[in-house]
Amino acid sequence: MAGVTGRLVRGWCPRAVRRLSLLLTSILQCLSFTFLPVAKFTQPFSSLQVPAQLHMSKTAMGASQKDFESAMNQVKLLEKDPGNEVKLKLYALYKQATEGPCSTPKPGVFDLINKAKWDAWNALGNLPKETARQNYVDLVSGLSSSSDSSSQVKPEADREQAGYETLVMTSEDGITKIMLNRPTKMNALTTQMYQEIMLALEAASKDDSTITVLTGNGSYFSSGNDLTNFTHISPDEIEEKARRGAILLRDFVGCFIDFPKPLVAAVNGPAVGISVTILRLFDLVYASDRATFHTPFSHLGQTPEGCSSYTFPKLMGPGKAAEMLIFGKKLTAAEACAQGLVTEVFPDSTFQKEVWTRLKAYSKLPRNALRISKQMIRNHEKEKLHATNAEESRILQERWLSDECMNAIMNFLSRKAKM
Ligand SMILES: CCCC/C=C/CC(=O)SCCNC(=O)CCNC(=O)[C@H](O)C(C)(C)COP(=O)(O)OP(=O)(O)OC[C@H]1O[C@@H](n2cnc3c(N)ncnc32)[C@H](O)[C@@H]1OP(=O)(O)O
């Protein structure tokens, strides 16, 4: 070590050489931690919805306390992460089996993880302790056998994360991919989808991957907010629904503002509304030349979100931002690239191959350096972004109650009937 340092700094004074040597040694020590194997996770697990068959199974026989304890030990030995939904199920059943029905206060909306756990437990209602215990044992036994068989066929690196209904989440080659998966609805974002994306981002922020990618399945990246989110609401529910929508929007965009690792959008096709505005919160935006970028807020009686009222004028100047955000001008991928919203455009025929080859190469770069550099670039404006997000959400909450907005949504929903 001292020899290497000595060669590097020939001609420097001995004190400087000693300091540099110490510095390099400590850097090497720090780096060695990065290469330690990731510890097997043995945390108590948890659940969201418990399938009907679990509620009913073997309740007559009932699992013994010994079976239950042995199932708890088996959980710690699982080699494969069973995914958030199953973990929530296990958590809820465990709590129900040991403490009975949920009676603790509901965590605040920003406490995402504890709220999801509370919701899962609370959803079990008055399920008897014995049934919960049996269901826990059944669930663990199913997991143990599926993890035995899956380990024979699937490589460690290419496992699809279970537990998402509207997304496909995979981790491979240091890249976690979150794919929006409602291709027949152009990946329009339902309330469930916003929530699953937040959970997926939370999981991706903590997993071993270097890079996280958001993309869409099918011909669209996303057609933005699902306009049916605004339907089936009785008049006395409207205000409460708008209030909850604004909280959901603020939490959703907040997850992108705070995401700690390099975040990439692989825009495989047209993008509309919120799927366009959040792009400025990504570190790289790769687009197919078939993609378009459309924010028809005024047409819908709505106003900008995703921090675009701040980021777009800053990025492209107030005039170009006004064309998009006020007048709903749709940009081609080349135009969006010229405005700095897109990093690079690829021919649609080679989009997937070129993007993934590029990202696989990037994912081999030192993970911590990438993460720290991202945070250095982003931290300057985090506070401003959160303030903008809160303000945009507040204004949209009012807009959703306006006649302009309701009429525009009715027009969209009735257009098929008119054809
Ligand atoms: C709580 C947070 C709130 C955040 C707020 C965000 C604001 C926004 O995101 S504003 C943007 C809202 N999105 C739109 O205005 C797009 C609406 N959709 C369309 O204009 C068109 O569907 C399309 C241009 C995206 C595609 O047109 P195309 O003719 O090719 O296909 P369609 O037959 O229209 O679509 C197929 C299928 O998908 C349904 N669908 C598509 N997008 C949406 C959507 N955003 N909301 C609800 N449903 C959507 C469409 O109705 C069709 O369904 P059916 O086959 O069942 O009729």
Side-chain angles (χ1 to χ4, degrees), residues 109 166 180-198 201 214 216-233 237-257 265 267-281 290-309 311-312 324-332 388-402 404-419:
V109 280
T166 63
L180 309 175
N181 193 27
R182 289 183 79 216
T184 57
K185 299 286 180 186
M186 312 308 183
N187 296 321
L189 300 165
T190 57
T191 302
Q192 180 185 8
M193 217 156 166
Y194 287 114
Q195 280 159 346
E196 289 193 357
I197 294 169
M198 288 193 280
L201 287 173
L214 183 72
N217 186 14
S219 60
Y220 263 66
F221 177 58
S222 167
S223 62
N225 191 38
D226 189 309
L227 297 173
T228 63
N229 286 344
F230 295 101
T231 56
H232 310 299
I233 311 172
E237 281 175 340
I238 292 178
E239 289 200 7
E240 178 55 16
K241 187 93 181 173
R243 195 185 67 80
R244 276 197 258 136
I247 292 171
L248 179 63
L249 172 63
R250 191 179 55 182
D251 290 353
F252 177 73
V253 174
C255 288
F256 287 90
I257 298 173
V267 186
N268 54 298
V272 187
I274 192 165
S275 72
V276 175
T277 55
I278 54 166
L279 291 177
R280 191 65 190 88
L281 305 173
R290 211 173 44 76
T292 51
F293 298 82
H294 191 201
T295 47
F297 299 130
S298 302
H299 300 72
L300 293 166
Q302 298 186 33
T303 45
E305 25 60 359
C307 297
S308 58
S309 61
T311 56
F312 278 33
M324 279 192 85
L325 298 176
I326 306 180
F327 299 105
K329 182 182 175 191
K330 191 195 283 184
L331 300 193
T332 62
T388 306
N389 181 26
E391 179 70 353
E392 288 176 347
S393 304
R394 188 190 62 72
I395 293 173
L396 260 177
Q397 179 179 343
E398 288 168 14
R399 285 275 89 216
W400 288 328
L401 300 173
S402 70
E404 285 181 345
C405 179
M406 286 182 197
N407 291 338
I409 289 164
M410 285 309 140
N411 282 342
F412 171 76
L413 296 174
S414 59
R415 94 204 144 118
K416 286 256 155 85
K418 283 192 221 134
M419 281 181 192

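Given the structure is predicted, the values throughout are model-derived calculations rather than measurements. The figures that follow rest on heavy atoms only: side chains count, while hydrogens, waters and symmetry mates do not. Each ligand, and each atom within it, is numbered from 1 in the order the structure gives.
At a heavy-atom distance under 4.0 Å, only side-chain atoms of Tyr220, from C-beta outward, approach ligand 1. Using a 4.0 Å cut-off between heavy atoms, Leu300 contacts ligand 1 through its side chain alone, with no backbone atom that close.
Judged by the shortest distance from any of its heavy atoms, Trp400 lies inside the 4.0 Å radius around the atoms of ligand 1. Residue contact annotation: Phe252 has no non-hydrogen atom under 4.0 Å from ligand 1. Within the structure, ligand 1 has Thr184 among the residues with a heavy atom less than 4.0 angstrom away.
Counting only non-hydrogen atoms, the option in Gly224, Pro270, Gly273, Ser223 that gets closest to atom 14 (C) of ligand 1 is Ser223.
Close approach of ligand 1 to Gly245 (heavy-atom distance below 4.0 Å) involves ligand atoms 1 (C). Set against the non-hydrogen atoms of Ala188, the atoms of ligand 1 under 4.0 Å away are 43 (C), 44 (C), 45 (N), 46 (N).
By the 3.5 Å distance cut-off applied to N or O atoms, Asn225 is counted among the residues near ligand 1. Taking only nitrogen or oxygen atoms, main chain and side chain alike, Leu227 reaches within less than 3.5 Å of ligand 1. For ligand 1, one of its N or O atoms has an N or O atom of Ile274 under 3.5 Å away.
Rounded to the nearest 0.5 angstrom, Ile257 CD1 and Arg250 CZ are separated by 11.0 Å. One distance of note links CZ of Phe297 with OG of Ser308; it measures 5.5 Å at 0.5 Å rounding.
In this structure a side-chain-to-backbone donor-acceptor pair under 3.5 Å is present from Asn187 to Asn217. Ser222 places no side-chain N or O within 3.5 Å of a backbone atom of Ser275 that could act as its donor or acceptor partner. Between the side chain of Ser298 and the backbone N or O of Phe327 there is no donor-acceptor pair closer than 3.5 Å.
For the residue pair Thr166 and Gln192, no side-chain donor N or O sits within less than 3.5 Å of a side-chain acceptor on the partner.
Counted within 6.0 Å of CD on Glu237, heavy atoms from surrounding residues, nucleotides or ligands total more than 12; the atom is thus considered enclosed.
Of the candidates Glu404, Glu305, Glu392, Glu404 is the only one forming a salt bridge (charged side-chain N to carboxylate O under 4.0 Å, His left out) with Arg399.
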